Amino acid sequence: MSLERLNPAELSPPTGFSHAVTATGSRLVLLAGQTALDGAGNVVGRTLPEQFETALGNLLAALKAAGGTAGDLARVTVYATDVADYRAHAPELGRIWRRLAGRQYPAMAVIGAVRLWDEQALVELDGIAVLG
């Protein structure tokens with residue numbers, strides 16, 4: 001399996017994402033949206049960074065169950081109930097990402113959402129991974 005991250009010089013320099021990712025592999029993993037639910041089904045964390053850390057950990061746990069690692073992520077979509085709050089915490093969220101998932105960034109988007117399935121959730125992440 002190989003992922004190639006492409007960041008063309010004519011585009012704005014990416015921070016915490018890649019502009020494009022090409023993937024070659026034998027197994028596609030589609031990851032459901034993950035919020036900050038604990039094992040009992042309760043949303044944990046009151047702040048966006050706390051919830052982001054749990055949601056990302058949940059996404060990576062689902063990926064691990066499929067036999068993958070963070071480096072296999074080709075695409076991640078982040079749904080945030082407050083995009084301004086997400087932007088304000090971007091440096092901290094980047095540190096959480098690097099600690100849990102490393103520095104190989106997938107193609108990403110952040111989308112504002114009025115609310116998420118779990119009403120107390122502030123953020124949800126879903127993804128696509130390609131395994132070798």
Side-chain angles (χ1 to χ4, degrees):
M1 186 278 306
S2 77
L3 294 179
E4 182 181 5
R5 290 156 175 86
L6 305 167
N7 294 298
E10 64 269 22
L11 297 178
S12 174
T15 303
F17 69 96
S18 294
H19 282 291
V21 177
T22 63
T24 305
S26 63
R27 188 168 180 210
L28 183 66
V29 180
L30 305 173
L31 298 160
Q34 299 294 323
T35 60
L37 291 178
D38 64 12
N42 301 307
V43 173
V44 296
R46 293 183 47 215
T47 68
L48 187 130
E50 290 169 338
Q51 288 196 16
F52 181 86
E53 183 168 358
T54 301
L56 178 56
N58 290 344
L59 187 78
L60 295 173
L63 178 55
K64 182 179 179 183
T69 67
D72 298 320
L73 287 168
R75 170 89 179 154
V76 170
T77 303
V78 177
Y79 304 90
T81 60
D82 185 339
V83 174
D85 191 34
Y86 188 94
R87 287 180 63 100
H89 287 96
E92 184 177 359
L93 300 176
R95 287 189 294 276
I96 293 166
W97 180 279
R98 287 186 298 277
R99 182 168 42 81
L100 296 180
R103 292 184 174 271
Q104 295 297 316
Y105 299 111
M108 294 183 75
V110 176
I111 298 172
V114 174
R115 70 163 288 227
L116 301 169
W117 182 263
D118 301 307
E119 196 168 342
Q120 302 83 10
L122 303 174
V123 65
E124 182 169 336
L125 289 81
D126 70 20
I128 298 172
V130 179
L131 309 185

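Bear in mind the structure is a predicted one, so any value in this text is a computation, not a measurement. Counting from 1, the numbers follow the sequence of the chain as shown.
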**Student:** Return the set of residues passing side chain to side chain donor-acceptor pair (under 3.5 Å) with Asp38 (not counting sequence neighbours), or none when no residue passes.
**Tutor:**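 Listed in chain order: nothing, the list is empty.
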**Student:** Restricting to pairs with a member in residues 42-53, which pass side-chain hydrogen bond (donor to acceptor under 3.5 Å, both in side chains), not counting sequence neighbours?
**Tutor:**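 The answer is Thr47-Glu50, Glu53-Arg99.
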**Student:** Looking only at non-hydrogen atoms, find the nearest pair between Leu37 and Asn58 and report the distance.
**Tutor:**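 Where Leu37 meets Asn58 most closely, the heavy atoms are O-ND2, 3.0 Å.
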**Student:** Other members of the hydrophobic cluster containing Val110, with the 4.5 Å side-chain heavy-atom rule, please.
**Tutor:**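 Cluster partners of Val110: Phe17, Val29, Leu31, Leu48, Phe52, Leu56, Leu59, Leu60, Leu63, Leu73, Val76, Val78, Tyr86, Leu93, Ile96, Trp97, Leu100, Tyr105, Met108, Leu122, Val123, Leu125, Leu131.
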**Student:** Asp126: which residues meet the side chain to side chain donor-acceptor pair (under 3.5 Å) condition with it, sequence neighbours left out?
**Tutor:**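 Asp126 satisfies side chain to side chain donor-acceptor pair (under 3.5 Å) with Tyr79 once adjacent residues are dropped.
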**Student:** For His89 and Pro49, which heavy atoms make the closest approach, and how far apart are they?
**Tutor:**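 Nearest pair, atom of His89 first, then Pro49: CD2-CG, 3.3 Å.
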**Student:** Would you sort out whether Val130 and Asp72 count as a side chain to side chain contact (heavy atoms under 4.5 Å, CB included), showing the intermediate values?
**Tutor:** CA-CA 6 Å; Val130 179; Asp72 298 320; over 6 Å; no
**Student:** If a pair satisfies side-chain hydrogen bond (donor to acceptor under 3.5 Å, both in side chains) and one of its residues is in residues 6-17, list it, with sequence neighbours excluded.
**Tutor:**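 The answer is none; no pair qualifies.
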**Student:** What distance separates Arg75 CZ from Leu3 CG, expressed to the nearest 0.5 Å?
**Tutor:**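 Rounded to the nearest 0.5 Å, the CZ-CG separation comes to 14.0 Å.
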**Student:** Using the side-chain hydrogen bond (donor to acceptor under 3.5 Å, both in side chains) rule, collect all pairs that involve residues 21-36, keeping only residues at least two apart or in two chains.
**Tutor:**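 Matches after skipping sequence neighbours: Thr35-Asp118.
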**Student:** Once rounded to the nearest 0.5 Å, what's the spacing between atom CZ of Arg87 and atom CG of Asp82?
**Tutor:**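 One finds 12.0 Å between CZ of Arg87 and CG of Asp82.
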